[in-house]
Structures are given as structure tokens and as C-alpha cells.
Amino acid sequence: MTSASGPSAAQLFPAGFVWGAATSAYQIEGSPLADGAGPSTWHRFTHTPGRVLTGETGDVTCDHYRRWRDDISLMRELNLGAYRLSVSWSRVLPEGTGRINAKGLDFYARLVDGLREAGIAPMVTLFHWDLPAALDDRGGWLNRDIAGWFAEYAQVLFRALGDRVAWWATLNEPWVVSDGGYLHGTLAPGHRSPFEAPIASHNLLRAHAAAVQAYRAIGGGEIGLVVNLEPKFPASQGSDDITATACSGAYMNRQFLDPVLLGSYPAELPEMFGEAWPSFPASDLEAIRQRVDFVGVNYYSRGVMRHDSSVPPECAVRVQQPGAVYTDMNWEVYPRGLSETLIWIKERYGDVPLFITENGAAFADPPVAEGGVCDPLRVAYLRDHLRSARDALHAGVNLRGYFVWSLLDNLEWNHGTSKRFGIVHVDFSTQRRTPKDSARFYTEVIRTNGAVLADDEVRPEGGP
Ligand code: BGC
């Protein structure tokens, strides 16, 4: 409740809380082959008929590669304190290793400098799904050598930008890379193999650790891993549903965090994968357990799971919740799950510093009218999730910042531009950017350091 003297301390976010927005290279940049860049797996994937539902590619998308200066001005208008971007590996190293493409590296140096001049702190993700195609030709995430390739690429960036970037994220959502890219084939490189997925996951973990190790020798800032998490609930109290829920949690939520933070895989995984579960040298797990400075959490929804043996390895499917609100991705809006997830991390893994590195929603927005876009569902989504983040802070979680997904409507991977997550609307035929009501709301959240979230908690006297 806001009193005449302003919101109480309990309602505010801590001083220095980081307020940002996030994007990724392939989703917004366009010009994927400009200035000597090599193709990525995503370039190949989108140029393969049938892979993207709308038939779109990342050739233009938000044209950020050419419009980055304007986009920084936009970020300044929105009052962002931080911006999470990703680097396209094949712009910097067109063959994935070896020769450095100075023009590609320069693009990111100018972007980082421009952000800093605008007072916006960059958080840089090294890998947000666009692997150099040249490395995919050598086996991609299935080749054990990729840990060394990734560390080499990471070192190039640490040396070039390490003095200007305080926060590095190694990988974005390795679970999605493995599950979508190697098990179900819906994302690049489009493989469908239960034998490949755990190998890809394991090499993603090894690569993450190799980059962290490289950073310790060079960098003076912070480095962490970004994972997507969702609390899992059984659809019923039947033992099948409860087991399926545990398996689903092991697969999605613990497959990466357990090895990094505890040094072992969840016990469920070898059983779930059966003979597809590979054997690894024991020393791998010791190497993977490198200290991280933070964990980035991408949170969108929860999973209410029902047993279904026809979909191994999880043997679990999602159940729709009657009466719940669903986004355009068909994801249930479940704000409480954000604080539940953050508190779960603290309870399971200890007091690791956390960022919410992505949170947001796709809704079918109305057209731009009178210079704005009315997106009340997204405003409500953000408000309720931010309140949930604040609840986690008050429960003692070491939460350092929040990045909304996404700054701009963009290429939503295999959905093309049909799903709009931006707080800023993008007209893809003119490239005009129009802040939505959600952007105005978020700017106000930032300006008041969250105090505005308390506003409509005022209850009439005698109310519940
Ligand atoms: C990814 C983003 C994606 C978003 C919405 C996350 O899985 O990191 O690239 O656009 O969720 O699907």
C-alpha cells in the first residue's frame, strides 16, 4: 500500500537493483552474412523449407545490425539500466575457430561502447543458439572438441571487451539447445535423437566450464550460466503423475544446474534415457563444477504434468488448466512460479546470486493506434511477475536484477515473427519501433525502482 509518505521499504526493490531488457543476435540483428560473417546453424535452418512455420528467415528481422544506434536511443528513452545482448559466434570467427573477423568483432565493440556511453550496462551472452555452421559440419555440440572451440571464442571476446563488460553469460538455455535441437528437431540443427541429446547437453556443460575457466585467467567481472526453469506440478496425486513430474523436473530444471552447482547429474536421467545415456569420463564432472558468479533464470510459465509413456524420456505431457490465462505461445500465466523457482534455487543450491535474465509474454497485440499499442495483458503479466520477484527478494533470495524479454518484437525462432514478445512493437515492413503500453509501464517501474508495483495493492477499508 502506498501511504502519504510513499511506499514502505518492504515494497521497494533494493538500491542498485538492475533493470534491463534482453534480446539475442539472430533474433534481431539481420544481415547475417554481412562484413565477412560466416553462416550459422540458424541461418541454415531458416533457409531450409519447412523449418520455420511462417517461412521467414533472420535475414532482416529487426535490422538491428544497421539500426543499433537508434535502438540504443530507444533504450535510453525507456530508461533501461542494462541490456542483455548476445554475440553471433560466426560474425567474430566465421569458421568457428581460428581466423578472427575484425569487422564482426568491431560491431560488438561499437555496440558495447554505445551502450556504456548511454549509461546502459551490457550483459553479454556468448552463445544464444546460433552456432557457426562450420562447426556444425564438424559435429557441432556432439563433438567433444567443442569445449575447446568455445573457450577459444570466449577468450577472443574476453580480450576484446573484458574491460567494458561486467557480466558475461556463457550459454543461453542449454536445455532448449539440446531438447529442441537434438531430441525433437524443432530448432537448429534439427536432429531427432535420444542418443544425441545427452551428449549435446554434456558438451554444452563442458563448454560452459571451459569458458568460465578461461575467464578466471583473464577477466575481472562476473560470469554465469543462463537456464530456463519452470516449477513442475503433478496433474494428479497418482504415482505415475508424481514420477513423471519428478522426471520432467530432473530433465528440464536440474540437468544443467546439478552438474554445475553440485557436481553430479540427477539420478533420474540415466534411468530415463536408458541405453541412450552415454558414459563420460568421471573427470568431466569435476571440470564442469566451476564456481559461477551468478545464475541467470529465464522464467515464463509452469508445467502441470501428466504421465504419458509415449513421449520418452520425460514420459510427461503438459495439462491445460481450466480458467487460467494462456499466452500466444500457449504457456500458462503463472506469476507465483517465478518466486517459487527463485526460492527453490536458494533451497537446493544455496545462496547463489541470481538475475532474472528473461521474463515476458507473447500476446496478439492490436495494431499501432495513435502512436501507441495497447497491450494490457502484457502489462498485467509484467506487473504480476515483478511482484513475484519482489516476494522472492523479501524471502531472502539474492536477486540482483531483472531483464524483460524482449526489448523488441523479433524473430521467435521456428515461429517466425508471428509471436510478439516485445515491449516495443516493430513494424517489420517499415522497421518503425513503437513503444507499447508495457514499455511505458516498465519505464515507470524503473523510474520508481519498483514502487509503482505497490500502487493498486491498496485495499478498501474492511476489504479482504
Ligand atoms: C529464449 C528466447 C526466446 C524466448 C521466448 C527463451 O527460450 O531464450 O530466445 O525468444 O524464450 O520463447
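Along the sequence shown, residues are numbered consecutively beginning with 1. Atoms within a ligand are numbered from 1 in the order they appear, just like the ligands themselves.
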message: Within ligand 1, which atoms have a heavy atom of Glu173 less than 4.0 Å away?
response: 1 (C), 6 (C), 7 (O), 8 (O)
message: Under 4.0 Å from a heavy atom of His128: which atoms of ligand 1 are those, numbered in the order shown and with their elements?
response: 1 (C), 2 (C), 8 (O), 9 (O)
task: Kindly indicate whether a cation-pi arrangement holds for Arg91 with Tyr65, taking the cut-offs as under 6.0 Å to the six-membered ring centre and within 45° of the axis.
output: yes
field: Aromatic Phe403 / basic Arg84 pairing, under 6.0 angstrom, 45° off normal
entry: no
- prompt: Does Val176 reach ligand 1, in the sense of a heavy atom lying below 4.0 Å from it?
  reply: no
message: I'd like the name of whichever of Trp129, Trp175, Tyr26, Tyr300 reaches closest to atom 4 (C) of ligand 1 through any heavy atom.
response: Tyr300
task: Apply side chain to side chain donor-acceptor pair (under 3.5 Å) to Thr357 and list each qualifying residue two or more places apart in sequence or on a separate chain.
output: Asn298
query: Is it the case that more than 12 heavy atoms not belonging to Arg192 sit under 6.0 Å from its CZ atom?
result: no
- request: Report the nearest protein non-hydrogen atom to atom 12 (O) of ligand 1: residue, atom name, distance rounded to 0.1 Å.
  value: Glu412 OE2, 2.6 Å
Per-residue contact class, [X] against ligand 1 - non-hydrogen pairs under 4.0 Å:
| X | result |
| --- | --- |
| Glu358 | side chain |
| Asn410 | neither |
| Trp331 | side chain |

- prompt: Is there at least one pair of N or O atoms, one from Ser24 and one from ligand 1, spaced under 3.5 Å apart?
  reply: no
- request: For residues Trp141 and Phe127, establish whether the separation of their ring centroids is below 6.0 Å.
  value: yes
message: Tell me if the aromatic rings of Tyr299 and His385 count as close, with their centers under 6.0 Å from one another.
response: yes
field: Which residues share a side chain to side chain contact (heavy atoms under 4.5 Å, CB included) with Gln155, sequence neighbours left out
entry: Arg159, Ala214, Ile218
